[in-house]
Each structure stands twice: as structure tokens, then as C-alpha cells.
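Contents: one structure, followed by commentary.
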Amino acid sequence: MTLSIVIMAAGKGTRMKSSRPKVLHKLAGRPMLSHVIGTTQTLGADKLIVITGHGADEVEQTMRKAFVQAPLAFARQEPQLGTGHAVQQAVPQLPDEGTTLILNGDVPLIEAATAKALVDACGGERLALLTVVLQDPTGYGRIVRDQATEDAQPTVKAIVEHKDASESQRAIREVYTGMMAAPTRWLKQALAGLRNDNAQGEYYLTDVVARAVLDGVPVVAAHPRDETEVLGVNSPAQLSDLERRHQRAQAERLMEQGVRLADPARFDLRGTLTCGRDVDIDVNCIFEGDVSLGDEVRIGANCVIRNARIKAGAVIHPFTHIDGDKDGATVGECALIGPFARLRPGAQLGPEVHIGNFVEVKNSTLARGAKANHLAYLGDATVGERVNYGAGSITANYDGANKHRTVIGDDVHVGSNCVLIAPITVGEGATIGGGSTLSKDAPAGQLTVARTKPVSLAGWKRPVKQPT
């Protein structure tokens, strides 16, 4: 059966008080619309059409970049004349056969199982509505049903928008979530017959329910596992509430797997987090991108960790910032990091490495047992085993145009307040005296103490960046 998916994402969202398109506001680190499109990837759709309007160029560019492999197409709704009008814009791209699933770009937490259940309820023959019972249904279209009989349950006969509902209808707590599945051929005909004679002067998608009743198309309802799946976002307060609901659900899933969270209300996951056994995570930690924590890893309070692999037994002390970005970052077994440490992209730390307070590591490899415990910088460096790197020391890896590498052999001791001007190699077992500035290789096994004499900058020219 052919499956087409239409996602409505044209609204401006004036209550968000922002010039940014509403569907690009982020939930758990990703645009709301990205969550919806990501959910559809498991459904095997033949067509995926996003209806854009406000900020269309930005929305389309962002989604094309994020979903390169998806069968993604766009249709513009300009001006925005209602939900029915929005779906009408997709009609020229819809086939005549199969089922069309309609989702909302500002309802980000819809689950794939719920979307599939809606498609299955349609079966290519019925109009299937996703409905939910809410304690406070204000703002939602109400599900109006026939009276039950001895032979049958009450059937859906109409959806009445909140603004058009009577007092008795507003007392109904079963509401339409804005999502439905319908036979595509019939849906096209129903959309063509929509009228805008209502309080808003808009073309309501919900009016297709009354058309289905007239046409004898069965109207059925499917329901989500939890109301959080179908909550939309129209204001910063609603976005914040949905964020906390989502984060709590993620925290509970991790705790069910055995992860110990000091306070699940103060935990944020904005990507994927894989944990081994006996992992402890303190409060106010943020995980972004793809993060894995090995067995018995300890994460201190107020850490931010992104795109990193932290191996078994490592301890990340409080206020540490690890950002692997595209290159990733690795912390070896039983390493000690922080507090107040920063690991940047390409930091590859071996077993039992110590990176202490106010130490920054970028694009560098540190072998087993290497230590940089205080106030230091290692950039574009290869550091051997058991190296002790003194407080206040740095690798001067950038000459103003190009990056250069520093190589430090095993068992080297670098004193405090040293500057190693790359490219440079420090031989195994060497000792660099405190306060030294080296611009030449240091021999293995020897003590090197070097001072820089005053240099005139007359005639100096900035180096030319070499092609890479």
C-alpha cells in the first residue's frame, strides 16, 4: 500500500514572540519539526511532504540539510488560510492510491508506534482520527459522537473547533489532536469541497469528518499511549513544559536500565546516551549528540558532554566541558578529568590520564598515565606515557596561519610556565625546566632550559596559510 505523509509546518506561532519559524524552535536540542520527520523514517513512506509558510526558506533549508536521504518534498501555503487549506497545497503531489497520514510539525513527540496505529486504523478505507481525552481541552477541536445503542458504540460524526463550539460541546473532553489518516483518493475529493463559512473564515481540515459521514466512509479513532505525544506547542511556556515532560521520560528510561541519576528532574539529554553498568550521574548534567558511558563511569555535577566516548571506570569531576563535535572525544579507562576541565574535538585520552582544573585539550592524543593537572593547554599534540605536564605550560601550535604539531615522548617532565613552540619534538625521558620557551627539539633524557631573548618585529610578515 502506498503511504504518503503530509506534515503541516506553515504556522507563524505569534504566541512564541519570536521572528523565528515556530517549528524550528528546539526541543531536546533539535527543531520540533526534526522530531516529527525523524519519527516518520520508520514508517517507510513513499512520499513525505512538508507544508511550509512562515519562514519557508529557512525551514526548507534546515530540513534538507538534516534529512539528506529522506524522500522529502515541500509545498508552500501562502497565505495561511487554515489547516484544510494547508493540506490542499500538497494535493498536486499526492498519488491517487493508498493512504495519506497527516501530522503536525509543532507536535514533536508523536511516537512511531502511534503513527503506525493510525495508518493501520485507516487501512486505506476509513477516516482514522487520533484523539485523546484531556483534563483541560481548551483550544482543541471536540469530538462529537452519536449516541450509543445496544448494538454499537457511539461513532464519530463531527469535529467542532473550540471557537465554533457551543457550551455543551466545549464540555466534551475527547479532542482531536490534529492528526489523521485517510484514503488518499477520497481525501482529495473531500479537500476540494471544503468551505470557509465559519467564525475564522478559514478552511478547516476537521470538516472532512462531516463529509466522511455523508459519503458513508467509516470514521474511527485511534489513541496515543500517553497525552504527551499529542501536545502541541504554541507558546514558550508550552515548549518548556513539553521539554520537562520529555526529559523526565528519558530519565526514567535510563533509570529502568540501572543508571543512577542524583535527581531526574535536573537531567537533560539532547541526543543519544548509552550507558554501561553502575553509572552515576550527578545533577545539572547535559548530554548532547552521541555519548557513551562505560561501566562504573562517574559524572560530577554541572557537566556538559557532547559527542564523546567515556570508557569504564573514568571519573568526570564537576563543571567539566567535553565537546567532541564532528571529530569526537575519547576518555580512557580509569581516567580522571576535571573539575573545570575542557576537552575539545579530537581529544583522545588513554587509560589513567589525569586532566585537572582549567586544563584544555584540543586535537591531542595523551597516552597511558599522562598528567596535566593544572592551568595548561595542549593543542595539536602527541603526548607519550607517564608524561607530567606542568602548570601554566602551553603548546604554541598556531603561527597565525597554520597549525603545527608538538610531539612529547614517554616519561617527559615539562616544568611550570613553559611554552613549546610547534613544530617541535621532546625526546623520551627529557626534562624541560620551568619557565622555558622552546622552539627547537629537546634531546631525549636531558635537562633543557631555554629562554627567549627580546626579538624585534621589524620586517616581520604574517605566515601564509598552506593548502591542506
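The residues of the chain are indexed from 1 along the displayed sequence.
Between Q348 and T365, the side chains place no donor N or O within less than 3.5 Å of an acceptor N or O (distance only, hydrogens not considered). Side-chain contact annotation: R342 with T320, donor-acceptor N/O pair under 3.5 Å absent. Residues Q80 and H85 have side chains that never bring a donor and an acceptor to within less than 3.5 angstrom of each other. For the residue pair N302 and N284, a side-chain donor N or O sits within less than 3.5 Å of a side-chain acceptor on the partner. For the residue pair D290 / N307, no side-chain donor-acceptor distance below 3.5 Å is found, with atom types taken as modelled. Side-chain contact, K22 with N234: a donor N or O sits under 3.5 Å from an acceptor N or O. Between H246 and T228, the side chains place no donor N or O within less than 3.5 Å of an acceptor N or O (distance only, hydrogens not considered). N198 and Y203 are not linked by any side-chain donor-acceptor pair at a separation below 3.5 angstrom, with hydrogens and angles left out of the test.
Taking CG from L24 and NE2 from H54, the interatomic distance works out to 9.5 Å, rounded to the nearest 0.5 Å. Expressed to the nearest 0.5 Å, how far OG1 of T99 lies from CZ of R126 amounts to 9.5 Å. R266 CZ to D268 CG: the interatomic distance, rounded to the nearest 0.5 Å, is 11.5 Å. Annotation: the span from I159 atom CD1 to Y140 atom OH amounts to 13.5 Å, rounded to 0.5 Å. Between the CG atom in L293 and the CZ atom in R298 there is a gap of 11.0 Å [rounded to 0.5 Å]. Between the CE atom of M180 and the CG atom of L127 there is a distance of 5.5 Å, given to the nearest 0.5 Å.
Counting only distance, with no hydrogens or angles, the side chain of R64 and the backbone of T62 share no donor-acceptor pair below 3.5 Å. R405 places a side-chain N or O within 3.5 Å of a backbone atom of A381 that can act as its donor or acceptor partner. Formation of a donor-acceptor pair under 3.5 Å by the Q247 side chain with backbone atoms of L269 is found in this model. Without hydrogens or angle criteria, S18 side chain to R20 main chain gives a donor-acceptor distance under 3.5 Å. Proximity of a side-chain donor or acceptor of H223 to a complementary backbone N or O of T131 within less than 3.5 Å is detected. In this structure a side-chain-to-backbone donor-acceptor pair under 3.5 Å is missing from Q88 to L194. The backbone N or O of L130 lies less than 3.5 Å from a partner atom in the side chain of T177, making a donor-acceptor pair. Here the side chain of R145 pairs no donor or acceptor atom with the backbone of T155 at under 3.5 angstrom. Using a distance-only test at 3.5 Å, with no hydrogens or angles considered, a donor-acceptor pair links the side chain of Q77 to the main chain of G82. Using a distance-only test at 3.5 Å, with no hydrogens or angles considered, a donor-acceptor pair links the side chain of K188 to the main chain of L94.
For CZ of R277, the number of neighbouring non-hydrogen atoms (other residues, nucleotides, ligands) closer than 6.0 Å is 12 at most. For NZ of K362, the number of neighbouring non-hydrogen atoms (other residues, nucleotides, ligands) closer than 6.0 Å is greater than 12. In this structure, R306 places its CZ atom where more than 12 heavy-atom neighbours from other residues, nucleotides or ligands lie under 6.0 Å away. Counting heavy-atom neighbours within 6.0 Å of Q189 CD, excluding the residue itself, gives a total above 12.
The only option from V6, I37, L3 that meets the side-chain contact (heavy atoms from CB on, under 4.5 Å) definition with L48 turns out to be I37.
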Worked verdict on E352 versus R368 for salt bridge (Lys or Arg N to Asp or Glu O under 4.0 Å): CA-CA 6 Å; E352 302 172 19; R368 179 184 293 272; 3.3 Å; yes
Evaluation steps, salt bridge (Lys or Arg N to Asp or Glu O under 4.0 Å), between R76 and E60: CA-CA 10 Å; R76 299 255 178 126; E60 293 172 12; 2.8 Å; yes
Audit row: I7, I102, side chain to side chain contact (heavy atoms under 4.5 Å, CB included) steps and yes/no: CA-CA 6 Å; I7 303 175; I102 300 173; over 6 Å; no
CA sep, side-chain torsions, deciding dist, call: V119, M1, side chain to side chain contact (heavy atoms under 4.5 Å, CB included): CA-CA 11 Å; V119 173; M1 180 182 69; 4.0 Å; yes
From CA spacing to verdict: side chain to side chain contact (heavy atoms under 4.5 Å, CB included), L254, F267: CA-CA 11 Å; L254 287 168; F267 165 85; 3.3 Å; yes
Intermediate values then yes/no, side-chain hydrogen bond (donor to acceptor under 3.5 Å, both in side chains), R225 and T114: CA-CA 7 Å; R225 179 183 58 82; T114 299; over 6 Å; no
Side chain to side chain contact (heavy atoms under 4.5 Å, CB included) assessment of L129 paired with V156: CA-CA 9 Å; L129 309 175; V156 178; 4.0 Å; yes
Stepwise salt bridge (Lys or Arg N to Asp or Glu O under 4.0 Å) check, K26 with E243: CA-CA 9 Å; K26 292 185 177 181; E243 178 77 44; over 6 Å; no
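Closest approach of D325 and P345 over heavy atoms only: CB-CG, 3.5 Å. Closest approach of V36 and P108 over heavy atoms only: CG2-CA, 3.8 Å. Of all non-hydrogen atoms in V353 and A367, the two that sit nearest each other are CG2-O, 3.3 Å. Shortest non-hydrogen contact noted between D327 and G346 is CB-N, 3.8 Å. Shortest non-hydrogen contact noted between I305 and V291 is O-CG2, 3.6 Å. Contact detail for R170 and H162: the closest heavy-atom pair is NH2-O, 3.0 Å.
By the salt bridge (Lys or Arg N to Asp or Glu O under 4.0 Å) test, E296 is found to be paired with no residue, residues two or more places apart in sequence or in another chain being considered. With sequence neighbours excluded, the residues forming a side chain to side chain donor-acceptor pair (under 3.5 Å) with E227 are R245, listed by chain and number. Under the side chain to side chain donor-acceptor pair (under 3.5 Å) criterion, T184 pairs with T100, sequence neighbours left out.
Taking the charged nitrogens against the carboxylate oxygens, E97 and R185 have no contact shorter than 4.0 Å, which rules out a salt bridge. Ionic pairing of R270 and E288 is present here: one or more N-O contacts between side-chain nitrogen and carboxylate oxygen are shorter than 4.0 angstrom. Note on D282 versus R260: no salt bridge recorded, every NZ/NE/NH1/NH2 to OD/OE distance being 4.0 Å or above.
Among residue pairs with one or both ends in residues 197-214, those qualifying as salt bridge (Lys or Arg N to Asp or Glu O under 4.0 Å) are R195-D197, R211-D215; sequence neighbours excluded. For residues 342-385, every residue pair satisfying the ring-ring contact (aromatic ring centres under 6.0 Å, His included) rule, not counting sequence neighbours, is listed here: F340-F358. Pairs passing the side-chain hydrogen bond (donor to acceptor under 3.5 Å, both in side chains) check and including a residue from residues 32-48, sequence neighbours excluded, read R30-H35.
Contact of the D380 side chain with the T406 side chain is not registered, since no non-hydrogen atoms from C-beta on lie closer than 4.5 Å.
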